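One structure below.
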Number of protein chains: 4
Amino acid sequence: MYKKQKLLKVATKFFAAKGFEKTTTSQIAKSAGVTEPLLFYHFKSKNGIFEEIIKNILKDYFSRLDCLDQCTNSQFEKIEKLFWMNLDFIKDMPEECYIFTAICPSQIKNADHICIQNAVRLTQNLTSFVTGCIDEGIRNDEFHHHIRTKSTAKIIVKLLYGIMISSYPYKLDYLNDTVESSIEFCKRSLLKQHPD
Amino acid sequence: MYKKQKLLKVATKFFAAKGFEKTTTSQIAKSAGVTEPLLFYHFKSKNGIFEEIIKNILKDYFSRLDCLDQCTNSQFEKIEKLFWMNLDFIKDMPEECYIFTAICPSQIKNADHICIQNAVRLTQNLTSFVTGCIDEGIRNDEFHHHIRTKSTAKIIVKLLYGIMISSYPYKLDYLNDTVESSIEFCKRSLLKQHPD
Amino acid sequence: MYKKQKLLKVATKFFAAKGFEKTTTSQIAKSAGVTEPLLFYHFKSKNGIFEEIIKNILKDYFSRLDCLDQCTNSQFEKIEKLFWMNLDFIKDMPEECYIFTAICPSQIKNADHICIQNAVRLTQNLTSFVTGCIDEGIRNDEFHHHIRTKSTAKIIVKLLYGIMISSYPYKLDYLNDTVESSIEFCKRSLLKQHPD
Amino acid sequence: MYKKQKLLKVATKFFAAKGFEKTTTSQIAKSAGVTEPLLFYHFKSKNGIFEEIIKNILKDYFSRLDCLDQCTNSQFEKIEKLFWMNLDFIKDMPEECYIFTAICPSQIKNADHICIQNAVRLTQNLTSFVTGCIDEGIRNDEFHHHIRTKSTAKIIVKLLYGIMISSYPYKLDYLNDTVESSIEFCKRSLLKQHPD
DNA sequence: CATGAATGAGCGTTCATTCAT
DNA sequence: AATGAATGAACGCTCATTCAT
């Protein structure tokens, strides 16, 4: 079972570095120190191993998102924390993250693919999380009350994606800076009273 | 020479619909009503035709960006126009646009590739355009004067990219809405006096 | 593993009959009753299978040359035996032999190619074998003492090659006759006292 | 008509350097500064240009051989002159020479090919020239009278070929030395009274 | 004489995948 | 769980050659 993990790890590295098509099953197997048939024994196809990687990353991201929900601070603080959580995720799983945002979309075209479904679900969850924050923030007079909730939420989600998609390997300084500016940018756009 | 154009057109459709690797030179040729060797006669390789497509899109985008430069309105109006220009571009060349933002990054890994160079140049031009607007806007008291110019510009450029990358085929209503909200979002974040 | 041998055998036949370029990997595979990818599984390229053939023939020739060394007769007898050994080799491995002398030189142009290296080594070994015989023959008064050892040896080696290179398929009567005459020719040229 | 000569010249260089198959018509045309169709206009095929080269070399060699015939010296001197004529030829037309001896045999397999016919004719002419010399030399007591005329002639012709086939580009010092030694070698083998 | 455009035929090679063991 | 041997299906690309002009 330890070889299965090795295969997943190696495959992740390759997919992030070279894309799905340019990575061959033979490369993965050789790098993992096993033979190709073993790869097909553990995952039933090349797509199979790719999907397993995608599933793992989504499971992880969702669980982090669930934790956020429980914090009961001001609404903007929740959004702020979302940005930082997103950044932590990138730092913890850089390859997976890059695969998900940059490799995945260009590979998979049929709408019913498991990856698409999960990605859509992720976007929806993120959007509804942010929508919730904005709605509540307006209600309690924290945010401008003329903000169009839904589309504004989508824009913030786009920003989160935009940060993830910066090309791998990531430069951490740059990411930190981008997150900070994004938060400031949103703060000015959303908050009724901002410190300036 | 007309067959060369046909090949470019057909290849663009395929690359946008199926990605680079899943498109075969034989498909392109057959769909263009010519034989494969002709493809290799006009473009020297599969990569060659891909690069020509990328070059064309960049040339077009750059020329549109140059036109914008000449308008002499308020700074925010310039940024606003940039958003609409970006949208027009997407509407005019949807496939090329999708290829550039979604297919290209996952294909090319070596930093000295001609596409990468051009893409970097595009980002730089966009960023410096927006930076210029913000700097000037701060100077003439149009924008908040505590805005961090450079990083804020980068975020706006990320938004422009984010709109382009929405998966092809594009839903125009959705794009329009996204652009409008983005503009509002930026307006609130940048402008000192906004109408609300 | 038996199919690998089959492939080598069939490839040898084709290379001898049609040359390297006019032989296709598909022909080889089909004639060997296997699929093309298997050829590339066992040998990594068309060149790979060619090189393996060359290596085999050289190994064989060298081992025959080593046996000769051990005979302790008169020096001219050693040279004579070299001619007959050379002929035996042609009879035992006619295709390999023709490939080595006639096909190989026209195919390979870069001096560091493994075949070139081995061919050079073969020429050197042959030349030094003959040089040794002549030197010793002069010393023990068997040969004319004014013979230029090195260049004479080279000429004899050229004769050995010349016999091998006669175009395949070989006519054995002709070869026998050529070898006999060559020996006589050399005998008259080298020996101090010849029976005539 | 000057471009036709250019094409022949360039083609000769390529065939000598890379062999027949590895030389492409496109390379030849490009190097000659013309387009491919012109090559096919002047020579009707790739084989056509190759054959023209072969024909030229043979015409040249035959005419040199004819000149030799007219000299009326001692028989060994005639053979000696043949060796030097052969060397002059190599010096004058090194590429053509290499093509004829090393490239040609491995390319052409059907016995009725024009090149084969000419090559056979060349060998026959050479052999009959040498045979004539030996016969006459025996008759006038210049050579050993027990020499087997025909096979000895063949061996001398093989030596002439062997010198030509030394790999291109030729080292002239080496060639000179080889010719000298060959002559000495033959002298000892043929002449009744030699100076030693 | 000269060319730009076009093609039929085929080639070496790769790759995901399977099967017998 | 693990592998060596084997394959179907294709793919990018090349090359000698032709045709219309």
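Every chain is numbered from 1 and lettered A, B, ... according to where its sequence line falls, protein lines coming before strand lines. If you're wondering where the values come from, they're calculated on a predicted model, not measured in any experiment.
- The side chain of C:P37 lies closest to F:dA9 when the candidates are F:dA9, F:dG4, F:dT18.
- For A:T35, taking side-chain heavy atoms from C-beta onward, the closest of the listed nucleotides F:dA16, F:dT3, E:dG12 is F:dT3.
- For the pair B:Y41 and E:dA6, the criterion of a side-chain N or O lying under 4.0 Å from OP1 or OP2 is not met.
- D:N47 has its CG atom 14 Å from the C1' atom of F:dC15, to the nearest Å.
- Taking the ring axis of D:F43 as reference, the NZ or CZ atom of D:K4 stays within 45° of it and closer than 6.0 Å to the ring centre.
- In this structure, C:Q27 and B:L38 both approach DNA chain E, and ranking their closest nucleotides by distance from the 5' end singles out B:L38.
- Rounded to an integer number of Å, the gap from CG of B:L7 to C1' of F:dC13 is 15 Å.
- Of the possible polar contacts, one joining the C:Q27 side chain to the C:T24 backbone as a donor-acceptor pair under 3.5 Å is found.
- Checked against F:dT17, F:dA6, E:dT17, the side chain of A:E36 finds its nearest nucleotide in E:dT17.
- A donor atom on one side chain and an acceptor atom on the other are found under 3.5 Å apart for C:E36 and C:T25.
- A straight line from CD of C:E21 to C1' of F:dA16 spans 15 Å, rounded to a whole angstrom.
- Rounded to whole angstrom, the span from the NZ atom of C:K30 across to the P atom of E:dG10 amounts to 11 Å.
- Across the interface with DNA chain E, nearest-nucleotide mapping of A:T24 and C:T25 shows C:T25 to be the residue nearer the 5′ end.
- The distance from atom CZ of D:F43 to atom P of E:dA2 is 12 Å, rounded to the nearest whole Å.
- For D:K13, the side-chain hydrogen bond (donor to acceptor under 3.5 Å, both in side chains) partners two or more places apart in sequence, or in a different chain, are D:E95.
- Note on C:H42: a side-chain N or O is less than 4.0 Å away from OP1 or OP2 of F:dA6.
- With P as the reference atom, E:dC1 and F:dT21 are 23 Å apart, rounded to whole Å.
- Rounded to whole Å, the distance from NZ on A:K22 to P on E:dT14 is 16 Å.
- Pairing of F:dT21, defined by two Watson-Crick or G-U wobble distances under 3.5 Å, is identified with E:dA2.
- Ring pair B:F20/B:F50 is perpendicular by interplanar angle, where above 60° counts as perpendicular and below 30° as parallel.
- Toward the 5' end of DNA chain F, the nearer of the two residues C:G33 and B:K44, judged by each one's closest nucleotide, is C:G33.
- Counting only heavy atoms from C-beta on, A:K3 has its side chain closest to F:dA2 among F:dA2, F:dT18, E:dT17.
- Contact annotation: B:K46 side-chain N/O to F:dC13 OP1/OP2 distance is not under 4.0 Å.
- Atom-to-atom, CZ of D:F40 to P of E:dA6 comes out at 19 Å; the value is rounded to the nearest Å.
- Rounded to whole Å, atom P of E:dC15 lies 18 Å from atom CZ of A:F50.
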